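Everything below concerns the one structure shown next.
Counting from 1, the numbers follow the sequence of the chain as shown. Source: prediction; values computed, not measured. Order of listing sets the numbers, starting from 1, for every ligand and every atom in it.
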Amino acid sequence: MKKITLVYFSPTKTTETVLRGITQGLARSLEISGAEITAVNFTSPKIRETELEPFDDNDIVLLGAPVYAGRLPADAADFFKKMTAAGTPAILTVVYGNREYEDALLELKDIASACGFIPVSGAAFIGEHSFASTDIPVAMNRPDENDLKQAEDFGADTGNLLKTTTELKKISALKVPGNFPYKEGMGKGAPDFIEVTDMCTNCGICATACPTEAIDAEKGYATIAADCILCCACIKACPEQARLMKDGPIKDKARWLNETCSTPKPVQLFFATGV
Ligand SMILES: Cc1cc2nc3c(=O)[nH]c(=O)nc-3n(C[C@H](O)[C@H](O)[C@H](O)COP(=O)(O)O)c2cc1C
Ligand code: SF4
Ligand code: SF4
């Protein structure tokens, strides 16, 4: 009996939503029940301190992360690199905010291969941009119904590929777009771009949502700029809309993205060839 494991980083949950859609199609195609499906959401810094058990050929693993500056977020890449696998098929997904995904999917493929996975399929989906808000709606509400239908179909097609492949080790190498050396990624540290208004009720939800422990509850839930990765999970999680993006370079970037990347991009899917 095969097991499916989702391993993902997803501060604003679009990657998680896409991976869940892919899993539905995959599980249906391979007749794998919900009891055999587990998720490792390593957005939480506590989870990133743990080591995963090695995967083997009874596992099928979905790896997913958002695209940050055309690369994987550094925290995600570092966690993925700690995994070990032996002939385990991997389904690779990056989710980006309708600009470009550049080298992120290639980086994920290279990491997965180095860990011992056999990448069988890869995808670049669109997710609402982390910087989006109702007045600057970059890729707002993606993944939409159509994206999620494609996610399910992608999962089912990958399941069919696995069913018809007799020798996984001889599968053709998965080809995905991207260049090596990869483009320069982002470091940690952000400009002071968030304000906390007097609507704040001190509920602490933003601090729990933050993947880098960059919110200081003792100082009015202020952002610790040096630890912030700009993911905007705290802004989107705040039930009072008390955390707002200030005017400044990040808001300007959001406006620029909204003007420049307004044409919705299609999902891109890639498959290895079975033998
Ligand atoms: C710091 C940062 C950099 C980003 N860089 C890109 C990028 O290079 N291209 C792009 O299209 N979207 C970019 N995005 C948008 C995210 O990839 C997108 O919103 C994604 O859906 C977020 O995934 P999540 O919901 O799983 O956190 C960036 C977001 C952040 C926070
Ligand atoms: S989630 Fe919003 S209301 Fe709650 S502590 Fe954070 S800023 Fe305040
Ligand atoms: S403080 Fe920074 S890193 Fe933490 S959730 Fe907010 S934007 Fe993301």
Heavy-atom nearest neighbour in the protein, as seen from atom 6 (Fe) of ligand 3, with distance rounded to 0.1 Å: C234 SG, 2.3 Å

E107 bridged to K183 by N-O distance under 4.0 Å: no

Structural part of Y101 in contact with ligand 1, heavy atom criterion under 4.0 angstrom: neither

Min N/O separation F9 to ligand 1 under 3.5 Å: no

Under 2.8 Å: N/O/S of C238 next to atom 4 (Fe) of ligand 2: no

Minimum-distance protein heavy atom relative to atom 5 (N) of ligand 1: A69 N, 2.8 Å

Closest approach of any protein heavy atom to atom 4 (Fe) of ligand 2, naming residue and atom: C203 SG, 2.3 Å

Top protein contact for atom 1 (S) of ligand 2, by heavy-atom distance: C206 N, 3.3 Å

Contact with ligand 1 for C231, non-hydrogen, under 4.0 angstrom: yes

2.8 Å cut-off met by an N, O or S atom of C231 to atom 6 (Fe) of ligand 3: no

Expected output: side-chain N98 to main-chain T263 donor-acceptor under 3.5 Å: yes

Short side-chain donor-acceptor distance under 3.5 Å, R243 and T223: yes

N202, portion touching ligand 2 at heavy-atom distance under 4.0 Å: backbone

Co-membership, hydrophobic cluster, residues Y8 and M83, 4.5 Å side-chain: no

NZ/NE/NH1/NH2 to OD/OE distance under 4.0 Å, D57 and K169: no

